Amino acid sequence: MTAGDELLQSLKSHGYTLTAARRQICRTLAEAGGHVTADQLVDLVRQEAPQTGRMTVYRTLDLLCALGALRPVYQGTGAAHFILLHDGHHHHLVCTSCGQIIELDECLLNEVAETIGRRFQFDVQGHLLELFGLCGPCRDQGAGNGERR
């Protein structure tokens with residue numbers, strides 16, 4: 001099952017209608033890898049479905065966030081980037097010098113999330129982890145003052 005299919009299945013399983021616009025938005029979001037701003041997504045969706053309204057895209061993003069399929073992240077650009085959550089989680093390494101973002105596919109936090117959930121009597125349904133530091137090339141160049149180039 002593709003990421004787009006997973007998004008559509010999430011909508012369908014919660015009783016939402018799979019309109020043509022929602023299908024296109026989910027397909028486009030998955031093809032973009034989920035790292036897009038709302039405005040970027042509007043532009044991408046309109047390349048395939050010019051009739052799709054901006055507010056339809058925004059409402060669908062809000063809905064997918066409410067369902068736990070997406071999360072907005074703010075990486076210093078001013079606009080939220082929407083991140084696809086695979087099995088309820090997503091992880092990044094973020095270089096504080098050059099801004100490179102490295103995706104982590106494996107999750108080592110499930111036990112930590114369960115422990116925190118028990119401690120605070122909280123039902124953890126997903127998580128987003130970002131670790132900040134220096135990528136290999138920046139570290140090798142002696143970058144470390146935290147300023148972006």
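Treat the numbers as computed from the prediction; the structure is a model and nothing was measured.
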Please find the pair of heavy atoms, one from Pro72 and one from Ala80, that lie closest to each other, and give the distance. CB-CB, 3.9 Å

For Arg54, the salt bridge (Lys or Arg N to Asp or Glu O under 4.0 Å) test, sequence neighbours excluded, returns Asp39

What closest approach, in Å, do Val124 and Gly117 show between heavy atoms, and which atom pair accounts for it? CG2-CA, 4.1 Å

Can you tell me if CD on Glu111 sees more than 12 non-hydrogen neighbours from other groups inside 6.0 Å? no

For a quick check under 3.5 Å, do Gln24 and Thr28 share a side-chain donor-acceptor pair by atom type? yes

Quick one, Val36 and His81 - any side-chain contact, counting heavy atoms below 4.5 Å? no

Criterion side chain to side chain contact (heavy atoms under 4.5 Å, CB included) against Leu29, the qualifying member of Val45, Leu84, Leu44: Leu84

Apply side chain to side chain contact (heavy atoms under 4.5 Å, CB included) to the pair Cys26 and Leu64, showing each step before the final yes or no. CA-CA 9 Å; Cys26 290; Leu64 290 169; 4.2 Å; yes

Rounded distance (nearest 0.5 Å) linking atom CZ of Phe132 with atom SG of Cys95: 11.0 Å

OG1 (Thr19) and CZ (Arg23) are apart, to the nearest 0.5 Å, by 8.0 Å

Kindly give the heavy-atom pair with the smallest separation between Leu63 and Arg22, and that separation in Å. CD2-NH2, 4.0 Å

CD1-OG1 distance between Ile25 and Thr52, expressed to the nearest 0.5 angstrom: 6.0 Å

Go through the steps to decide whether Cys135 and Ser97 satisfy the test side chain to side chain contact (heavy atoms under 4.5 Å, CB included), and finish with yes or no. CA-CA 8 Å; Cys135 65; Ser97 181; over 6 Å; no

Could you give the distance from OG1 (Thr56) to CD (Gln51), rounded to the nearest 0.5 Å? 10.0 Å

Is there a donor-acceptor pair closer than 3.5 Å between any side-chain N or O of Ser13 and the backbone N or O of Gln9? yes

